[in-house]
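Reviewing the structure listed below.
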Amino acid sequence: MRLGLKITGAWGISLLMSLPVQAAGVTVRHHDLQVELRPGTHTIIARDTLRLTGHSATGQVLHVQLNPDLEIEEIVLSNGLLPFWEEDLPAANNKQDAPGWTRTIDVYLPEPSSTSAETSVHVAYRGPIQDAPTASPGLRFVRPDRTLGYIGEEGVYLTSETSWYPHVRGSLATFRVTTTVPAGWRAVTHGQEVSFTKGETTATSEWDVRARTEALTLAANRFVKRASEWDGIEIAAYVFPEDARIADQYVDATTRYLEWYTKLLGPYPFPKFAVVENFFPSGIGLPSFTLLGSRVMKRGYTQPYSLGHEIVHSWLGNSVHNHFETGNWVEGLTTYLANYYYDERMEGEDKGRAHRKRMIMEYNLYVQPADDYPVVNFHHKENRVDNAIGYQKTAMVFHMLRHELGDPAFFEAIRELIAGYSGEYADWPQVRQVFEDTSGKELSWFFKQWLHGKGTPHLRVAQARVERDARTGYWVFLTVAQNGRAYRLRVPVVVQLEQEEEYRTFVDVREHEQTMALWVPVRPLGVRLDPGFETFRGLDRQAMSPMLNGWVTDVRRAVLVASTTPELEQQGLKPALDRVRSQNDDTVWLDEWTARIGPQSVLALGHPRTNPWAGKIIGWCGPRVRLQEQGMTIQGTSYSGDLTAVLVTCANPDYPGHVGTVFFGFSPKAIHGLSRLLFFYGWDSYLVFENRKVTARGSFDPPMPDLTVAFHDHEFK
C-alpha cells in the first residue's frame, strides 16, 4: 500500500503555497542506509532510516530531496504509513540549468509519540540512475566529465547531484551504510569500512560514517584494494585489477602528505584516506577519499597539485564546510596550501616565486574585464575564468594575508579555523573573524578590498631618481603610482647596488601616487618593484615570457598550416587542429599563401621544411633558438632524432604583446599521440619531447622588464 499524492508543474507550485512548511528545527541527524546496486539494469534498491531531531509538534513537514527517477515504495513512522506530497519542477531534468536531478517530497509528521529527542522515519525506494558521463568542454583539469550519477557495468558514481538518498538541504548528518554489489565488485564511501563479505553472487560491505557530512558520495567497481596503516589511519587504494601495480605508489604518497599536513593543519579528521580509481575523467576530493580518473591514475599523478590538493580538502571543505552559494574560500586556501605552499617549503623560494608569478599571469591572461567578478562571488569552477579567480587570485589573497599577519599568526589561525569549525559551516565572515581573533588585527579593510571588488591593482614606477648625499651615500627617490582604483598595499622594493649587493624594503601604497626616499651607502644601479611577485597585481603581456597560453588567450589569433604538409604529418597534427576548431571562436585560419602577420598571435603547425612560417617564427627568438639541417639548438643545447618534437614560442618583435608558437616533430611519428595534449603545455617558452615525454623545458625573458628602472651614469653627476 502506498499513500501519497504526486503533482507536477505550475499547479504543484500554486497548491503548495497553502500547505504547512517545515519547522526550522526539523532536520536529519543520521541516515541508516541499506543499498543494493544492480549495474546490469542501472538500478538502485534502497531503504533509508532517517533519524530526525526537532520533531516537536503535529503538522510539521519534512522536506526531503530525492531523484525523480526513483520510485518511493513507502514512508513509514512507527509501523504506520505517512502521507507525503511530491513536487516535480519542470527544470529538474535539465542538466544545463538545474544543479542536479531532484524533486521535493513533503512528508507530514504527526504528533510525536514520545518525549524522545529523535524520531525515525523509514523510506523505501528503487529505480534507475543512468546519466552516462559525457565529456566537458575545455581542458579536463578545469572540470571533470559531466554526470549527475550513474549505475552501470562501467562503474557506479552517486553524489550529491544524484539525490540518490532522501536528503534534507542544509543538514549535516552521520551515516551507517550497507552496500550490496555483484560478486567481484567493491563499494567505497565516506568513513570506515567495518565489514566486507564475499558471497557467491554478491559482496556486502558496511560503512560507519561518524563525521557529519553535507552529502554522501558512493563509488563502486571491480576494485582491488591495497591498504596500510599510519598513525591509526587506514591508507588505501582501490584500483582496477589491471592497475594493481600502481596502488602502492598512491598509498606511499598519501602517507607522506598526511605526515606533512598533520603537522601543519592538525589531526587528520577521518579514519581513512583512500585513492579510488574512477571510470571517467575526474579529480574529486571527498570526505576520506578522492576519485581520480583512470587515465590520470595510470600516469602516476601523486603531485601536490593533484593528490596533495585532494588530501588538504580533507580538512578544508570536507571537514570544515562552506556554503558555496555565499562564496567559496575553500578552493583558494586549499590551492595555497597544497599547490603553492608545499612547493615553497619543499623546493625553495625560487620555486615559490615562479609559482606566484604563474598565479598572477593566469589571472591576467584569462580574465578579461567583461568576464571579471569579485572573489566573494566565486562558487565553483566551470571554466578558466573561474579557475583564475576562485583558485589563483584567492590563493594570492591568502598569500598577502600571510604577509600581513606573519607566519605564526597566519598558520595558527588556519588551525583554529579547522579546530573550531570541523563538522560545521564556516563562510567568509567566520574566516575573517578567526584571523582577526588569532592575530589581534582588524582586517575589515583587507577582506573588503580583496573579496568585494573586481579587478586588480595596476602598479607602475612613475619616477625613480638618484641624488648624492651631501656627506656620504646616495638617496633614491621612488614614486609608485596606481592606475584605476587605489588599493592599500605593502609592496616589496629592491634597490640593486654595486658589487652585486641589494637593499630590500617595502613601500606602503594607499593613494594613487606614493613617494618614498631611501638612503643607501653605495651607488645604486637600479630599482625593482615587487620582484618576487608577492603582490597580486596587473601584469602587462609584454612583461610575461612568451608561451603558448599567450596565443590561447589572445583575442586576435591565427593558425598557420601549410597546404603542402605531408599526409602523415597532417594526421599527427589533426587532434590539435580539431581542438582549435571545436572552440567556435574568431580564430583566423591562414595558409602559406594568405598569411599576413599583423598585431595578432600565431600558431604555426608543421615542420619548417613544409611550413615556411614556422621557420620565420623561430627567427623571432633570435640566437636563443637555431634551426639546423637535422635538428634544433635551444639555449645552446642541440636536439635531434626521429622521435623528437618541439614546442617553441617567441615574442613578435614588431608587436611584442603578441606571440608566435611553432609545433612540429623531426618525423611524423614524433608527434603521433602528442598533439592531443598540446594545450596542456601552455606555460613554457619551449619544450622538447622525446617519444612523447618532456625532456627539456624553459622560459625566455619577457620583451619588457616588469616594474624595473635602471640608473644611468649621467644621473649621478
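Bear in mind the structure is a predicted one, so any value in this text is a computation, not a measurement.
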Backbone N or O of [Y] within a donor-acceptor pair of the [X] side chain at under 3.5 Å?
{"X": "T290", "Y": "V275", "result": "no"}
{"X": "Q392", "Y": "M359", "result": "no"}
{"X": "D131", "Y": "Y150", "result": "no"}

Does the side chain of [X] pick up a donor-acceptor pair with the side chain of [Y] at under 3.5 Å?
{"X": "S282", "Y": "N278", "result": "yes"}
{"X": "Y421", "Y": "N322", "result": "no"}
{"X": "H380", "Y": "N328", "result": "no"}
{"X": "R557", "Y": "T587", "result": "yes"}
{"X": "E534", "Y": "H403", "result": "yes"}
{"X": "S545", "Y": "S685", "result": "no"}
{"X": "Y366", "Y": "N549", "result": "yes"}

Could you please spell out the steps behind the side chain to side chain contact (heavy atoms under 4.5 Å, CB included) verdict for R402 and F411?
-> CA-CA 8 Å; R402 175 185 165 195; F411 289 107; 4.0 Å; yes
Qualifying salt bridge (Lys or Arg N to Asp or Glu O under 4.0 Å) pairs, either residue in residues 297-307, two or more places apart = D243-K298, E277-K298
What pairs of residues pass the salt bridge (Lys or Arg N to Asp or Glu O under 4.0 Å) test when at least one of them lies in residues 684-693, not counting sequence neighbours?
->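 Residue pairs passing salt bridge (Lys or Arg N to Asp or Glu O under 4.0 Å), neighbours aside: D684-R697.
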Can you list the residues that meet the side chain to side chain contact (heavy atoms under 4.5 Å, CB included) rule with [X], with sequence neighbours excluded?
{"X": "P531", "value": "V494, R528"}
{"X": "H323", "value": "E325, T326, Y425, D427"}
{"X": "A215", "value": "S160, Y165"}

Go through the structure and list residues passing ring pair (Phe, Tyr, Trp, His ring centres under 6.0 Å) with W315, not counting sequence neighbours.
->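 For W315 the ring pair (Phe, Tyr, Trp, His ring centres under 6.0 Å) partners, ignoring immediate neighbours, are Y268.
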Residues at least two apart in sequence or cross-chain that pass ring pair (Phe, Tyr, Trp, His ring centres under 6.0 Å) with Y342, listed by chain then number, are Y257, W260
NE2/H672: more than 12 non-hydrogen atoms of other groups inside 6.0 Å | no
Heavy-atom count around R169 CZ within 6.0 Å, excluding the residue itself: above 12?
->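 For R169, atom CZ is not crowded (no more than 12 foreign heavy atoms under 6.0 Å).
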Partner set under side-chain hydrogen bond (donor to acceptor under 3.5 Å, both in side chains) for [X], not counting sequence neighbours:
{"X": "Y487", "answer": "R485"}
{"X": "K454", "answer": "none"}
{"X": "Y639", "answer": "none"}
{"X": "Y340", "answer": "E344, R356"}

cation_pi([X], [Y]) dist<6.0 Å, angle<=45:
{"X": "R624", "Y": "F700", "result": "yes"}
{"X": "K393", "Y": "F536", "result": "no"}
{"X": "K448", "Y": "W445", "result": "no"}

Go through the steps to decide whether R256 and T302 satisfy the test side chain to side chain donor-acceptor pair (under 3.5 Å), and finish with yes or no.
-> CA-CA 10 Å; R256 293 196 302 271; T302 59; 4.9 Å; no
So N221 and E154, side chain to side chain contact (heavy atoms under 4.5 Å, CB included) or not? Walk me through it.
-> CA-CA 8 Å; N221 217 308; E154 304 92 326; 5.9 Å; no
Might you work through the side chain to side chain contact (heavy atoms under 4.5 Å, CB included) test for D540 and M704, ending with a clear yes or no?
-> CA-CA 9 Å; D540 193 280; M704 180 183 76; 3.8 Å; yes
In a table with atom names and distances, give each donor-acceptor pair under 3.5 Å that connects a side chain of residues 655-665 to protein atoms at least two apart or in another chain.
unit_1, atom_1, unit_2, atom_2, d
H658, ND1, D554, OD2, 2.5
H658, NE2, P599, O, 3.4
T661, OG1, T649, OG1, 2.8

Which is it for Y341 and Y261 under the ring-ring contact (aromatic ring centres under 6.0 Å, His included) test, yes or no, and what are the steps along the way?
-> CA-CA 11 Å; Y341 183 65; Y261 280 111; 8.4 Å; no
Taking all non-hydrogen atoms of both residues, which atom of L560 and which atom of V602 are closest, and how far apart?
-> CD1-CG1, 3.0 Å
Could you tell me how the ring of F435 sits relative to the ring of F398: parallel (under 30°), tilted (30 to 60°) or perpendicular (over 60°)?
->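 The rings of F435 and F398 sit tilted, inter-plane angle from 30° to 60°.
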Determine the sole option in Q570, Q571, E569 for which the side-chain contact (heavy atoms from CB on, under 4.5 Å) test with L573 is passed.
->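 Only one option passes, and that is E569.
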Would the F280 and Y157 ring centres measure less than 6.0 Å apart?
->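 Yes.
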